[in-house]
2 protein chains.
Amino acid sequence: MSEISETLHERGRYATRTRERIAAVLRDERRYLTPHAVHELLLSRGASISLSTVYRTLELLVGLGIAAARSDEHGQNAYVFCTVQHHHHAVCRSCGRVEEVRCGPLERFARDLRNDQGFEMEDHAIELYGRCADCTQR
Amino acid sequence: MSEISETLHERGRYATRTRERIAAVLRDERRYLTPHAVHELLLSRGASISLSTVYRTLELLVGLGIAAARSDEHGQNAYVFCTVQHHHHAVCRSCGRVEEVRCGPLERFARDLRNDQGFEMEDHAIELYGRCADCTQR
DNA sequence: ATAGGTGCAAACGGTTTGCAAATAG
DNA sequence: CTATTTGCAAACCGTTTGCACCTAT
């Protein structure tokens, strides 16, 4: 039984082949994909799953902590496979690959912000853009 | 002549009362507003401006560097008044007020990222959430 | 006079939803 | 057997667009 099926069972949801296949696309691609793009990839793998199920399942995976969502540059939702809890994403502008990054030395930043502007930081969202190791070498 | 009218002239665009009024709403509110919310505020100020003009003007202001856009939590576009070029936003969870923040000590972060994962950071997007000075004191 | 702006209504397109049939447990 | 999931088609709703009229220069 796959890791995703286990998580589904833990939460009292049904583990289905449809869900496995959708999660597999995210896991294999590791880049931000729109529901439409996920659907296309499923079709190209020979899995005929409806677009509405793709929408529903992607939201489910976000709820399970298996995927993260954001709005892409055209305002569409995009989803990426996710493994750890609090982290940020480094998006390669060349190949689109998304790497996970720990948030690191933000405590100092938070302290300066409090001293300078009186703003009490509680949370943060960071996205980094650049070139991944593979694409830099090319 | 207002600052916005000047900028419009510099870019060869017409300065209109409609545009002044839309920009004034952003300037007075200083929080993220959807086109719909801007429209409502205009109406409550007695200005009957069409929603499509609000959409067009907000995008225009972004192009002029007078406003910044993002997708809100519901996937809708939201706009905020903006004065300086490269900066980030600290959003107060209590009153919604948006403050501008300089990006500060991210060079060290970028260096660590390159050393650890080989990722060459070229750009970054940061949003901070918390409580502004006024709301913290309450 | 003319290039550019605005309002209106219709079109567009991503996303959600209601419901009957299919499937997991 | 029962609760959940899925596919389909329609509805939804934020956003864009075409066009006639209006306004700034």
Side-chain angles (χ1 to χ4, degrees), chain A residues 1-25 32-43 45-64 66-67 69-79, chain B residues 1-25 32-43 45-64 66-67 69-79:
Chain A
M1 177 184 281
S2 79
E3 197 183 331
I4 285 149
S5 292
E6 280 178 40
T7 306
L8 285 164
H9 275 121
E10 284 167 15
R11 308 287 191 98
R13 315 298 304 266
Y14 289 177
T16 66
R17 182 135 68 112
T18 295
R19 288 172 173 172
E20 289 286 353
R21 281 173 156 166
I22 293 171
V25 166
Y32 278 106
L33 296 170
T34 61
H36 177 73
V38 171
H39 189 235
E40 296 274 293
L41 287 165
L42 287 165
L43 295 182
R45 291 177 176 204
S48 67
I49 294 171
S50 77
L51 186 54
S52 54
T53 295
V54 173
Y55 273 97
R56 286 186 279 225
T57 303
L58 289 172
E59 277 306 306
L60 174 65
L61 295 178
V62 170
L64 297 175
I66 291 168
R70 68 156 190 182
S71 290
D72 72 10
E73 58 274 14
H74 307 298
Q76 289 185 234
N77 281 340
Y79 298 82
Chain B
M1 178 183 282
S2 79
E3 197 184 332
I4 284 150
S5 291
E6 281 178 40
T7 306
L8 286 164
H9 276 122
E10 285 168 13
R11 307 287 190 99
R13 314 300 302 269
Y14 289 176
T16 65
R17 183 136 67 114
T18 296
R19 288 172 174 173
E20 289 286 352
R21 281 174 157 167
I22 293 171
V25 166
Y32 277 107
L33 296 170
T34 61
H36 177 74
V38 171
H39 189 236
E40 295 275 292
L41 287 165
L42 287 165
L43 295 183
R45 291 178 177 205
S48 67
I49 294 170
S50 76
L51 186 54
S52 53
T53 295
V54 173
Y55 273 96
R56 285 186 280 226
T57 302
L58 289 172
E59 276 306 305
L60 175 65
L61 295 178
V62 170
L64 297 175
I66 291 169
R70 68 155 191 183
S71 290
D72 73 9
E73 58 275 13
H74 308 298
Q76 289 185 235
N77 281 340
Y79 298 83

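All values derive from a computational prediction rather than experimental measurement. Order of the sequence lines fixes the chain letters, A, B, ..., with proteins taken first and strands second; residue numbering starts at 1 for each chain.
- Inter-residue side-chain proximity for B:N77 and B:T34 is flagged as unmet; no heavy-atom pair is nearer than 4.5 Å.
- Within 4.0 Å of A:S71, counting heavy atoms only, lies no atom of the nucleic acid at all.
- Distance CD1/B:I66 to CD1/B:I4: 5.0 Å, rounded to 0.5 Å.
- If you check residues 53-62 of chain A against DNA chain C, the residues with a heavy atom closer than 4.0 Å are A:Y55, A:R56, listed by number.
- If you find the closest nucleotide of DNA chain C to B:R13 and to A:T34, the one lying nearer the 5' end belongs to B:R13.
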For residues 53-62 of chain B, which side-chain N or O atoms pair as donor and acceptor with protein atoms under 3.5 Å away, sequence neighbours left out?
residue: B:T53; atom: OG1; partner: B:S50; partner atom: OG; Å: 3.1
residue: B:T57; atom: OG1; partner: B:T53; partner atom: O; Å: 2.8
residue: B:E59; atom: OE2; partner: B:Y79; partner atom: OH; Å: 2.5

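- Whole-Å rounding puts the B:R17 CZ to D:dC22 C1' distance at 14 Å.
- Proximity of A:R19 to the phosphate of D:dT6: a side-chain N or O atom is located under 4.0 Å from OP1 or OP2.
- Atoms CG and CD, from A:L64 and A:E10 in turn, are 9.5 Å apart once rounded to the nearest 0.5 Å.
- The span of DNA chain C lying next to chain A, judged by atoms under 4.0 Å from heavy atoms, is bounded 5' to 3' by C:dG14 to C:dG25.
- The structure places CD1 of A:I49 at 8.0 Å from NE2 of A:H39, a figure rounded to the nearest 0.5 Å.
- The shortest non-hydrogen separation linking B:S48 to B:L43 is CA-CD2, 4.0 Å.
- Checking A:S71 against A:Q76 by side-chain atom types alone, no donor-acceptor pair falls below 3.5 Å.
- Listed candidates were D:dA24, D:dT6, D:dT15. Nearest to the side chain of A:T16 is D:dT6.
- Taking five base pairs at each end of the helix from C:dA1-D:dT25 to C:dG25-D:dC1 and finding the rotation axis that steps the C1' atoms of four pairs onto the next four gives two axes whose angle is 40°, to the nearest 10°.
- The separation between B:Q76 atom CD and D:dC13 atom C1' is 9 Å, rounded to whole Å.
- For A:R45, the salt bridge (charged side-chain N to carboxylate O under 4.0 Å, His left out) partners at least two apart in sequence or on another chain are A:D28.
- Note: CG (B:L51) to P (D:dC13) measures 15 Å, nearest angstrom.
- Checked against salt bridge (charged side-chain N to carboxylate O under 4.0 Å, His left out), B:R70 has the following partners two or more places apart in sequence or in another chain: B:E127.
- B:S52 comes within 4.0 angstrom of a nucleotide base, judged by non-hydrogen atoms across all strands.
- With sequence neighbours excluded, the residues that form a side-chain contact (heavy atoms from CB on, under 4.5 Å) with B:T16 are B:Y14, B:T18, B:R19.
- Every residue two or more places apart in sequence or in another chain that forms a side-chain contact (heavy atoms from CB on, under 4.5 Å) with B:R17 is listed here: B:R21.
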